Amino acid sequence: MSKNSLSNKTSYIILTVIILVSLALSTFFMFTKQGFHEDELLTYNLANSAHQLTTDGGWNTKADFNNYLTVNPSDRFDVNLVIKNQIIDASHPPFYYFLVNTVCSFFPGVFSKWFAYSINAVAMAGILIMLFKIGKLVSKNNFYSLTAVGAYALSIACITTTIYLRMYATLTFFVLSFIYLTIKIYNTVYNKDKPAKPYIDCIMLFIVVLLGVLTQYYFILFAGLTGLVFLIFTLKNKEFSKLVRYIITALLAAAAAFAIYPYIISNVLGGNRGLGSLSFNVDFITIVTYVIYKLGTYVQIVAKELFVNQLWLAVLCTVCALAFAVYMRFFKKKKLSRNAVFIVIPAVIFFTAIALISPFNSDRYVMASLPLIVMIFVFAFIKIIEFVSGFGFAKKNILKFAAPVLVLAVTVCGLITVKPYYTYGKTNLYNPQSENCMFVGTAMLEWNKCIDKMMQYDNTMIVQTDKMSPTLGQELENFAEKRGVITHGKISEMAKAYMNNGGEKEKTDSMQALKTDKKLNENENITVYVSRLADNDYVLNYIKENTKFKHCKLIQKDYDFDEFYNWYDYFAETESYCNVYLFY
């Protein structure tokens, strides 16, 4: 790209301002955040506590819920506790949870959303720094790099990554650090007079790979794609010593991660994520239409987080960028720089692959690729303007104003008009209408989604029913068909397999506890949460027939599937997934 227009000192001052503004925006949305995604609550439990709740008809106090989420004074900085919880959960490696445990250990017995957020805020500052460094290597231009960083830093994508209290901000930091080091190593000509220099790079690469693998398993895919590009380019250049150092360093770091947490392989191949364990068959046409729907949903997610929630704008920008790339490659015979390939190939393939294999349609699974996708679009946009204008940045200052002004306009419109994920909606469920409450769920452990609400009551009774919703399968069927999936009844079959396999985890039906529980009968009224997975009518009738409570009124109705375009919007809403009643 064009010659640098900003000094390094000025650039880092501007970068600091961008970081502070970005974190200020995220902090603002954290103040508005009401409630939690169930996985955010799991973050605290898995990081901090071995305490388990009573879920088979017994009662839980406020103290029980607090112990479930917070660090006990005797468990402060307890690495063994963190690892044991991850072994049981069998979903993620332990490093991020140890970070959460470390922060929470300074405040034993205290639950706060700000603890996990502080980790994300530090990670996001690192992300923006790494993105700037990558942009400098690709564009050779501080101004262009800052424009790309600003576009991401002020985007809804950046905000959601920062305020979602899971490991994805930390993952994104390690992904960008790995890409930066890979490009840096590829471009470095090691001086024989300074033999220690390549080993410094190798040490940094070792640390990043080790911690990246121990943070989230998607790091392995991103690193593999980046390493493949490095492999091809170094073989073409016949830089075999550089390639050998790179591969050995990465393999040693991966081996160290396996040694620290040997459950990585079993988690990746046989964890509890996805639908691989379910017993159902899907025909070809269902797979094809479902794949199209999934890709369309992820495009919709990107449109919301990067393109002012306008699908047409996302499609238009993508078509323009692709058309320009094709024109430059095949008509102007200009290839992408190899540094640019390091960000384009891994980001695009990762995004597409995760969109197809992810268990849910969620932005969190592709968060690690979004900073690079923003950079790709911004750099393409700058090059298109430069090409169309007929003169470069060095001759006129049009780009100096056009690029950041348009980026700023889009981001401001997005911040004003688009509600970020993970802030959730306003609900009256945080103002209890009774002293105690009851949660009726299934073996799928849905109560975990509502812990922050149940903490508002003096006592909470959690019971399970084996009577699953008789309508859920058809609701899902209708939901899919309206979005173009030719189901042939397979979605309903999948729902039944999902719920039945879930039931195999815990067969108990503890509804009978309602008949004899003395504490329940001491209540004049009680708030009852009924999970969507449960048979709602059966639960209501059972309570009326077997307790002293003969009447109920609906406090809050669960959302309907038709209110959402993609699955994740529905499941991310903290007050969804339950109908809530007041029994008296």
Side-chain angles (χ1 to χ4, degrees), residues 22 25-26 29 124 127 131 147-164 166 168-169 171-172 175-176 218 221-222 225 290-325 343-381 384 406-407 409-423 483-484 564-572:
S22 178
L25 286 170
S26 295
F29 283 106
M124 184 51 65
I127 289 168
L131 190 62
T147 302
V149 172
Y152 175 71
L154 302 179
S155 70
I156 298 298
C158 179
I159 292 170
T160 55
T161 301
T162 312
I163 69 173
Y164 183 49
R166 292 288 279 168
Y168 295 98
L171 166 68
T172 303
V175 163
L176 295 189
Y218 284 167
L221 175 58
F222 224 126
L225 292 169
Y290 185 63
V291 163
I292 294 172
Y293 160 68
K294 279 184 70 67
L295 290 174
T297 299
Y298 272 90
V299 172
Q300 183 93 353
I301 290 172
V302 169
K304 176 174 182 176
E305 301 208 2
L306 299 179
F307 294 96
V308 206
N309 203 22
Q310 298 300 314
L311 183 60
W312 67 268
L313 182 59
V315 173
L316 176 63
C317 291
T318 302
V319 170
C320 289
L322 287 174
F324 182 73
I343 68 170
V344 173
I345 298 300
V348 172
I349 294 179
F350 177 88
F351 179 89
T352 305
I354 296 303
L356 293 176
I357 68 174
S358 58
F360 302 103
N361 299 329
S362 165
D363 65 331
R364 69 182 187 263
Y365 297 125
V366 294
M367 281 176 175
S369 65
L370 295 182
L372 298 177
I373 289 174
V374 170
M375 180 165 282
I376 292 168
F377 274 110
V378 170
F379 283 177
F381 167 72
I384 289 171
L406 288 177
V407 165
V410 171
T411 54
V412 169
C413 287
L415 293 171
I416 293 173
T417 62
V418 181
K419 176 186 174 184
Y421 291 122
Y422 314 114
T423 53
R483 286 148 184 83
F564 303 94
Y565 172 77
N566 79 68
W567 275 93
Y568 192 67
D569 276 357
Y570 171 76
F571 286 106

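Just so it is clear, the structure is predicted and the values come from calculations on it, not from any experiment. Numbers here simply count residues along the sequence, with the first being 1.
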**Request:** Go through the structure and list residues passing side-chain hydrogen bond (donor to acceptor under 3.5 Å, both in side chains) with Y298, not counting sequence neighbours.
**Result:** S358
**side-chain contact (heavy atoms from CB on, under 4.5 Å) involving T160 - partner list, sequence neighbours excluded** = I156, E305, D363, M367, P420, Y421, Y422
**Complete:** Hits for side-chain contact (heavy atoms from CB on, under 4.5 Å) against A325, two or more places apart or cross-chain, chain-then-number order -> none
**Partner set under ring-ring contact (aromatic ring centres under 6.0 Å, His included) for F350, not counting sequence neighbours** = F222
**Prompt:** How long is the span from the CG atom in L370 to the OG1 atom in T172, to the nearest 0.5 Å?
**Reply:** 8.0 Å
**Complete:** So CZ of F351 and CD1 of I373: to nearest 0.5 Å the spacing works out to 5.0 Å
**Request:** Check whether any side-chain heavy atom of L176 sits under 4.5 Å from a side-chain heavy atom of L372, and report yes or no.
**Result:** yes
**Prompt:** If every non-hydrogen atom of V344 is compared with every non-hydrogen atom of I376, which pair is closest and at what distance?
**Reply:** CA-CD1, 3.7 Å
**Message:** Pair T162, I127 - check side chain to side chain contact (heavy atoms under 4.5 Å, CB included), show working.
**Reply:** CA-CA 10 Å; T162 312; I127 289 168; over 6 Å; no
**Item:** Exercise: identify the closest heavy-atom pair between S26 and C158
**Value:** OG-O, 4.5 Å
**Complete:** Closest non-hydrogen atoms of S369 and A347, given as atom of the first, atom of the second and distance, are CB-O, 3.9 Å
**Prompt:** What pair of heavy atoms forms the shortest contact from C320 to I384, and how long is it?
**Reply:** O-CD1, 4.0 Å
**Fill in**
Closest non-hydrogen atoms of V374 and Y152, given as atom of the first, atom of the second and distance, are CG1-N, 3.6 Å
**Complete:** Separation between CG (L356) and NZ (K294), nearest 0.5 Å, reads 7.5 Å
**Prompt:** What pair of heavy atoms forms the shortest contact from A148 to L131, and how long is it?
**Reply:** O-CD2, 4.4 Å
**Complete:** One should read off an interatomic distance between L311 CG and K304 NZ, to the nearest 0.5 angstrom, of 13.5 Å
**Request:** Name all residues meeting the ring-ring contact (aromatic ring centres under 6.0 Å, His included) criterion together with F377; count only those two or more places apart in sequence or in a different chain, and write none if there are none.
**Result:** F307
**Request:** Not counting sequence neighbours, which residues clear side-chain contact (heavy atoms from CB on, under 4.5 Å) with I345? List them please.
**Result:** V229, V341, I349
**Message:** Return the CD1 to OG1 distance between I292 and T297, rounded to the nearest 0.5 Å.
**Reply:** 11.5 Å
**Prompt:** From T411 OG1 over to L406 CG, what is the distance, rounded to the nearest 0.5 angstrom?
**Reply:** 10.5 Å
**Asked** Quick one: side-chain contact (heavy atoms from CB on, under 4.5 Å) partners of T417, sequence neighbours excluded?
**Response** V308
**Message:** Can you confirm whether V299 sits close enough to T318 that some side-chain heavy atom of one is under 4.5 Å from a side-chain heavy atom of the other?
**Reply:** no
